[in-house]
**Student:** 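Please read through the structure below; I'll follow up with questions.
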Amino acid sequence: MKLTVPAACAGLRLDQALAKLLPEFSRSRLAQWVRLSRATVNGRAVLPRQKVWGGEVIDIDPVPDAAAAAHRPEDIPLEVVFEDATLLVVNKPAGLVVHPGSGNWQGTLLNALLRRVPALAGIPRAGIVHRLDKDTSGLLVVAKTLAAQASLVRQLQARSVKREYLAVAHGRIARDGRIEAPIGRHPVKRTKMAVVARGRPAVTHYQVLERYPGASLLRCRLETGRTHQIRVHLSAQGHPLVGDPVYGKRSSGIPFPRQALHAERLGLLHPKTRKPMSWHAEPPADLQELIASLRDSAASGKVDSRITNHELRRAK
């Protein structure tokens, strides 16, 4: 873009003048372009505080806006578990971000969905109604119509969507349980969540499937769907997930490159037919290998990792 500063802007700072001349851009963004020498005055790089007096020629080479480019289709492979005209269910791999955001404007599940189903561009958030953390694998449902999206949101609000996860947590957990503790933003570390008195209600049910030396395999069922809910609840109980870089232990003795969490089962009412539907996804290879190694450790230590009926009766 090439602009000539009008006399009406005489005496203004360069960033102020640009804000008047280009109201479609924020002043902070325009100032950033000036600092990056993407906006020059009479061919010279200047600072945003430089004053203009009228008649100067400003050349602008805008920095592409990552957020504006976020909703572009991208050819990213997807493992589709189910698809019809109303729903799409995918088995998300660990490492794939669900929705574009700061630091992850491209290469997300949303970009992949827009490539596979271009009509999703007309649905808010491309039909995504719930999320999985970047390094959590497993099942996620997407609405392909506005009516389906509204139905799924209502089901989530009514807590009728069934979501079950496999998780490997630190410590030998004695019995099945239920965690009811409100979750909100951490009072100090704002990028984290925490159990806080004024948080939103959150309920997690868990069943102990196997025990190992220093760890337990759990099946967790979400009654609510708060950000990082399973990770926060188990950490608050003293049993953080193996490999969790945010809520876990720094030196756990059980190496794993991500939080050991997989969305294994998903159940809901089909928005159009109203028939109950459910899906199951086996854990990915890395999680299967972790569980196998823990079983081997239990076997070599002559500890039976399987829970007997007698133990279950005692736990109840």
Side-chain angles (χ1 to χ4, degrees), residues 76-82 89-98 104 107-109 112 130-141 162-173 176-177 179 193 204-222 225-235 237-267 278-301 303-307:
I76 300 171
L78 288 176
E79 182 183 343
V80 176
V81 176
F82 172 83
V89 178
V90 299
N91 184 15
K92 186 189 86 67
L96 180 64
V97 174
V98 170
N104 293 285
T108 70
L109 175 66
H130 68 112
R131 301 187 187 187
L132 296 176
D133 297 334
K134 175 183 176 180
D135 289 325
T136 297
S137 57
L139 296 169
L140 186 143
V141 63
K162 296 178 181 177
R163 289 170 289 171
E164 294 185 356
Y165 295 70
L166 279 183
V168 180
H170 285 288
R172 284 175 61 85
I173 299 174
D176 301 351
I179 305 171
M193 308 302 287
T204 303
H205 302 263
Y206 62 90
Q207 176 190 6
V208 184
L209 301 179
E210 297 179 6
R211 297 193 193 101
Y212 320 108
S216 300
L217 177 64
L218 309 176
R219 175 168 289 123
C220 300
R221 179 171 61 84
L222 290 182
R226 308 302 174 214
T227 301
H228 300 173
Q229 179 172 315
I230 293 173
R231 300 166 66 189
V232 171
H233 269 173
L234 289 175
S235 181
Q237 295 288 309
H239 298 289
L241 294 180
V242 168
D244 194 325
V246 178
Y247 305 100
K249 299 179 179 181
R250 291 186 178 179
S251 56
S252 68
I254 306 176
F256 197 64
R258 64 179 180 94
Q259 64 261 14
L261 188 63
H262 171 69
E264 179 190 37
R265 298 177 181 176
L266 175 68
S278 62
W279 300 272
H280 175 271
E282 291 292 330
D286 64 343
L287 188 53
Q288 291 191 41
E289 290 170 5
L290 172 65
I291 294 170
S293 69
L294 290 170
R295 285 173 179 160
D296 289 344
S297 297
S300 62
V303 177
D304 189 355
S305 65
R306 295 167 298 179
I307 298 177

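Owing to the predicted nature of the structure, the values given are computational and were not obtained by experimental measurement.
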**Student:** What distance separates Tyr165 OH from Leu266 CG, expressed to the nearest 0.5 Å?
**Tutor:** 8.5 Å
**Student:** Does Leu109 reach the side chain of Leu78, with side-chain heavy atoms less than 4.5 Å apart?
**Tutor:** yes
**Student:** So which atom in Leu139 and which in Asn91 form the shortest heavy-atom distance, rounded to 0.1 Å?
**Tutor:** N-OD1, 4.2 Å
**Student:** Side chain of Ser216, backbone of Gly171: donor and acceptor closer than 3.5 Å?
**Tutor:** yes
**Student:** Who are the salt bridge (Lys or Arg N to Asp or Glu O under 4.0 Å) partners of Glu164, not counting sequence neighbours?
**Tutor:** Arg219, Arg265
**Student:** Please give me the minimum heavy-atom distance between Ser137 and Ala94, naming the atom from each residue.
**Tutor:** CB-N, 3.8 Å
**Student:** List the atom of Leu290, the atom of Pro255, and the distance in Å for their closest heavy-atom pair.
**Tutor:** CD1-O, 4.4 Å
**Student:** Can you tell me how far the CD atom of Gln229 sits from the CG atom of Asp133, to the nearest 0.5 Å?
**Tutor:** 11.0 Å
**Student:** Could you go step by step and tell me if Val141 and Phe82 meet the side chain to side chain contact (heavy atoms under 4.5 Å, CB included) rule?
**Tutor:** CA-CA 9 Å; Val141 63; Phe82 172 83; over 6 Å; no
**Student:** Taking all atoms of both residues into account, what is the closest heavy-atom pair of Gly107 and Leu96, and its distance?
**Tutor:** O-CD1, 3.4 Å
**Student:** Main chain of Gly248, side chain of His170: is a donor-acceptor contact present, judged purely on distance under 3.5 Å?
**Tutor:** no
**Student:** Could you state the interatomic distance from CG (Leu234) to CD1 (Ile173), rounded to the nearest 0.5 Å?
**Tutor:** 6.0 Å
**Student:** Between Ser235 and Val232 (side chain of the first, backbone of the second, donor and acceptor by atom type, cut-off under 3.5 Å), is there such a pair?
**Tutor:** no
**Student:** Kindly compute the distance separating NE2 (His130) from CG (Leu140), expressed to the nearest 0.5 Å.
**Tutor:** 4.0 Å
**Student:** Where do His262 and Pro284 come nearest, in terms of heavy atoms and distance?
**Tutor:** ND1-CD, 3.5 Å
**Student:** Between atom CD1 of Ile230 and atom CZ of Arg163, what is the distance when rounded to the nearest 0.5 Å?
**Tutor:** 9.0 Å
**Student:** Check Gln259 against Pro245 and note the closest heavy-atom contact, atom names and distance.
**Tutor:** OE1-CD, 3.8 Å
**Student:** Does Asp244 use its side chain to pair, donor to acceptor, with the backbone of Val246 at less than 3.5 Å?
**Tutor:** yes
**Student:** Supply the atom-to-atom distance Cys220 SG to Arg231 CZ, rounded to the nearest 0.5 angstrom.
**Tutor:** 13.0 Å
**Student:** Considering the options Leu209, Leu217, Leu261, which one meets the side chain to side chain contact (heavy atoms under 4.5 Å, CB included) requirement together with Val168?
**Tutor:** Leu217
**Student:** Give a yes or no on whether the backbone of Met193 and the side-chain of Tyr247 come within a donor-acceptor separation of less than 3.5 Å.
**Tutor:** yes
**Student:** Are any side-chain N or O atoms of Lys92 and backbone N or O atoms of Lys134, one a donor and one an acceptor, separated by less than 3.5 Å?
**Tutor:** yes
**Student:** Any salt bridge (Lys or Arg N to Asp or Glu O under 4.0 Å) pairs touching residues 279-294, not counting sequence neighbours?
**Tutor:** Arg258-Asp286
**Student:** Between Leu218 and Leu166, does a side chain to side chain contact (heavy atoms under 4.5 Å, CB included) hold up when you go through it step by step?
**Tutor:** CA-CA 6 Å; Leu218 309 176; Leu166 279 183; over 6 Å; no
